[in-house]
Amino acid sequence: MTAILDLSIISGPLVIVVYVLAAVSALLLIAVRPSRRWPRRRWLLVAVLAMIVGAAVGLVTTWIVSDWANVFGVVLSTVVHTWIGIGFAGMALAIASFVRASWRRVIASALALLLFAATTAMSINIDIGQYPTVRSALGLSAYQDNPLPQIATPPAGTPRSTIATWTAPDGMPDKGVVGETVIPATVSGFPARPADVYLPPAALTANPPLLPVLIVMSGQPGNPDAPLSAAKLQRSLDAYAAQHQGLAPIVVSPDQLGSPQANPMCIDSPLGNSATYLTVDVPTWIKSNLPVLDSPDFWGVGGLSQGGTCSIQLGAAHPELFSAILDASGELVPSLGDEQKTIDQGFGGDQAAYAAAAPTAIMAAKAPYTNMYAVFGVGANDSGFMPGVQTLYQAALAAGIDAVYIEAPDSAHDATAWAYTFEQGLGLIADRWGLNR
């Protein structure tokens with residue numbers, strides 16, 4: 001069962017099999033008449049017309065929902081539009097096959113319809129990269145079977161290792177580990193799901209040094225494991241550690257949502273006390289349970305998409321907690337999709353409170369910053385989010401934040417952009433924290 005759950009649905013054998021089955025099914029539906037009552041030429045004409053109409057319906061619907069109404073808050077790529085057109089063409093072909101068909105053809109057409117729908121969804125996911133495995137598509141954490149390992153405490157009288165004096169000991173693991181753990185919402189009462197924690201190789205030794213910590217958050221909808229798995233932050237952390245004697249930041253990925261579809265916007269409101277959870281409960285747990293440096297000079301906050309928005313909100317508002325921000329494709333303002341809906345549900349109808357919660361307003365109010373570093377990243381083809389990210393970058397510079405802007409090549413609002421931003425930003429922030437000594 002575990003092997004099935006961990007199958008990749010963005011590359012590999014399963015993807016190839018699905019595409020081959022879909023192609024063969026389409027060819028058979030076209031080549032074989034639904035029944036003898038269909039003249040061959042008439043069926044071929046109907047099949048072609050059905051696919052043309054289906055593709056047109058898919059493309060127009062996608063344009064209305066995504067580009068015109070902006071229901072998802074994301075501008076879909078040309079690749080996604082293309083696959084939707086192809087998928088709808090296949091589904092229209094399957095539907096046309098029901099007409100005057102034998103019962104065997106009806107069953108085959110129904111199965112083909114499901115296959116074409118699944119292939120379309122898979123193709124869209126391949127472009128976006130939100131769900132890399134069957135497990136993630138089912139909403140299951142990649143690390144749910146991995147408990148957080150016990151962290152060693154140096155024997156009494158043994159000086160604790162430091163970053164400055166660190167030398168990798170014999171037998172140190174080659175890679176870090178990720179474990180799932182519950183971070184209690186003692187103060188906030190926020191209904192958080194279990195968090196995921198990355199421990200670099202240095203933290204797995206008998207005398208681990210106190211290390212910097214980076215709090216990262218998923219997008220919405222999303223799960224806490226997304227930054228480390230879908231956005232490949234675990235891979236980037238291991239690569240960094242391999243080049244620096246096992247040193248890398250400890251990364252904590254808490255749940256800022258409460259459930260995959262919820263969006264409390266990282267504020268305290270009737271939607272949930274997400275801000276207090278992230279700035280009080282999570283830091284308190286980290287300091288009590290992990291070997292981290294207890295200074296804002298070595299603490300950072302980051303995230304992707306909605307989590308990126310949270311990172312600039314919380315990082316800019318709490319320089320007493322954080323000195324680094326890693327914003328991958330974040331929004332310009334916290335949002336529930338519609339501005340008035342956001343104000344009504346998130347801010348109790350208070351327009352002024354909503355305006356004050358915008359990261360640009362927070363940075364202007366807190367300026368000038370004296371010890372804040374921020375990395376802003378966005379996909380080079382992400383026309384929907386790029387203007388907002390660029391605005392935040394310029395606002396950060398104006399507020400005295402030492403900021404860097406990154407564009408991920410050949411990507412839009414997708415896991416490729418988030419992985420690239422995390423990889424580049426991790427290196428910049430970790431170097432700033434002295435882990436490259």
Side-chain angles (χ1 to χ4, degrees), residues 2-3 5-6 8 132-133 135-136 140-154 160-163 166-184 192-218 222-255 282-283 285-293 298-300 302-304 307 326 415 418-419 422-423 425-427 429-430 433 435-436:
T2 299
L5 291 175
D6 290 334
S8 172
T133 63
R135 182 190 298 274
S136 61
L140 304 175
S141 171
Y143 312 107
Q144 67 176 12
D145 298 323
N146 301 355
L148 189 65
Q150 185 70 37
I151 299 172
T153 301
R160 179 181 279 276
S161 299
T162 66
I163 293 173
W166 175 255
T167 299
D170 293 337
M172 183 185 72
D174 294 331
K175 296 181 178 181
V177 299
V178 177
E180 189 176 83
T181 188
V182 173
I183 300 181
R193 293 167 292 172
D196 294 305
V197 178
Y198 171 86
L199 298 173
L204 303 174
T205 59
N207 187 0
L210 298 180
L211 293 166
V213 61
L214 180 65
I215 297 172
V216 295
M217 292 163 282
S218 72
N223 299 314
D225 67 313
L228 288 160
S229 59
K232 299 179 174 62
L233 182 54
Q234 182 181 4
R235 186 179 69 181
S236 296
L237 287 159
D238 281 340
Y240 186 92
Q243 297 173 2
H244 299 92
Q245 298 191 61
L247 293 173
I250 289 175
V251 172
V252 178
S253 185
D255 176 26
V282 172
W285 182 89
I286 291 174
K287 292 175 184 179
S288 300
N289 293 274
L290 302 176
V292 299
L293 291 160
F298 299 96
W299 280 57
L304 61 92
L326 179 52
W418 306 327
F422 281 166
E423 180 183 23
L426 168 67
I429 292 172
W433 283 337
L435 295 177
N436 65 337

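Here the structure is a predicted model, which means the values were calculated and not measured.
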Nearest heavy atoms of Trp433 and Val213, plus distance in Å: CH2-O, 3.6 Å
Results of side-chain hydrogen bond (donor to acceptor under 3.5 Å, both in side chains) for Thr162 - residues two or more places apart only: Thr165
Qualifying residues under side-chain contact (heavy atoms from CB on, under 4.5 Å), relative to Ser161, sequence neighbours excluded: Trp166, Asn207, Pro209
Pairwise side-chain contact, Thr205 with Met172, heavy-atom cut-off 4.5 Å (strictly under): yes
Inter-residue atom distance Leu426.CG - Leu233.CG, 0.5 Å rounding: 6.0 Å
Minimum heavy-atom distance Val216-Pro227, with the two atoms named: CG2-CB, 3.9 Å
Pairwise side-chain contact, Trp285 with Leu290, heavy-atom cut-off 4.5 Å (strictly under): yes
Flag side-chain contact, heavy atom, 4.5 Å: Leu5 against Thr133: no
Validation row: Asp225, Ser253 side chains within 4.5 angstrom (heavy atoms): no
Shortest non-hydrogen contact from Ala415 toward Ala230: CB-O, 3.7 Å
The single option from Leu199, Val197, Leu148, Asn146 passing side chain to side chain contact (heavy atoms under 4.5 Å, CB included) against Val177: Leu199
Non-neighbouring partners of Lys287 that pass side-chain hydrogen bond (donor to acceptor under 3.5 Å, both in side chains), sequence neighbours left out: Asp294
Gln245 side chain to Thr167 backbone, donor-acceptor under 3.5 Å: no
Pairwise side-chain contact, Pro212 with Ile163, heavy-atom cut-off 4.5 Å (strictly under): yes
Side-chain heavy-atom pair Pro201, Asp174 within 4.5 angstrom cut-off: no
Shortest non-hydrogen contact between Trp299 and Val292, atoms and distance: CZ2-CG2, 4.0 Å
Between Tyr240 and Asn436, a side-chain donor and acceptor under 3.5 Å: no
Close side-chain approach of Tyr198 and Gln234, heavy atoms under 4.5 Å: yes
Contact summary for Arg135 and Ser141, nearest pair of heavy atoms: CD-O, 3.0 Å
Close side-chain approach of Tyr143 to Leu228, heavy-atom, < 4.5 Å: yes
Least distance between heavy atoms, Ala203 atom then Ile151 atom: O-CG2, 4.0 Å
